[in-house]
Amino acid sequence: MPVGVALAHVALRPSFDCGKCGEPWPCAPAKVELAEQFQADLLGLSTYLGAQMVDAMEQATGNCAWGRVDNLFDRFLGWIPRDRRDRRAA
Ligand SMILES: [Zn+2]
């Protein structure tokens, strides 16, 4: 996790379920925490979640019981607003 990012809802390995609420990570509370911590830095948020997605893909190798690898993009990055105009839509 990069310096300055501290989440109460973090992903467990290798399941990538939330260690606090048990939902697939990023869970709804984690999305709120991430949006608050990255605020207007959508590039930083995308970069952080892209790194998490790559980690999840590596964890999924040989362990696809928890989800299809090709669904990870939507799970990790699909919820991020594309620009500031639609931030409230997330
Ligand atoms: Zn959670």
Side-chain angles (χ1 to χ4, degrees):
M1 188 174 293
V3 174
V5 178
L7 304 173
H9 290 254
V10 296
L12 298 175
R13 272 68 168 174
S15 69
F16 260 82
D17 290 334
C18 176
K20 187 160 186 168
C21 69
E23 295 294 317
W25 195 91
C27 57
K31 290 176 182 175
V32 171
E33 290 180 308
L34 288 163
E36 288 173 354
Q37 292 192 30
F38 282 92
Q39 297 185 2
D41 184 11
L42 294 180
L43 178 60
L45 177 59
S46 298
T47 301
Y48 174 75
L49 286 170
Q52 297 299 305
M53 183 178 73
V54 170
D55 190 7
M57 292 171 76
E58 291 172 353
Q59 298 287 330
T61 303
N63 179 23
C64 292
W66 50 271
R68 291 171 49 109
V69 172
D70 58 358
N71 292 336
L72 292 178
F73 182 87
D74 286 340
R75 176 174 162 179
F76 282 84
L77 297 167
W79 65 276
I80 300 173
R82 292 194 181 111
D83 59 42
R84 293 181 189 169
R85 287 172 294 183
D86 62 355
R87 284 192 71 182
R88 283 176 250 160

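For ligands, and for the atoms within them, numbers begin at 1 and follow the listed sequence. No hydrogens, no waters, no symmetry mates; every other heavy atom, side chains included, goes into these values.
Near-neighbour remark for the Zn ion (ligand 1): protein N, O or S atoms under 2.8 Å are His9 ND1, Cys18 SG, Cys21 SG, Cys27 SG; waters not counted.
In this structure, Gln37 and Leu7 have side chains that are in contact, with non-hydrogen atoms separated by less than 4.5 Å. Between Pro26 and Phe76, some side-chain heavy-atom pair lies under the 4.5 Å cut-off.
The heavy-atom pair separating Ala8 from Lys20 by the smallest distance is O-CD, 3.8 Å. Scanning both residues, Leu77 and Met53, for their nearest heavy atoms gives CD1-CE, 4.0 Å. Between Leu42 and Pro81, the shortest heavy-atom contact is CD1-O, 3.7 Å.
The same ILVMFWY cluster, assembled from side-chain heavy atoms under 4.5 Å apart, contains both Met57 and Phe73.
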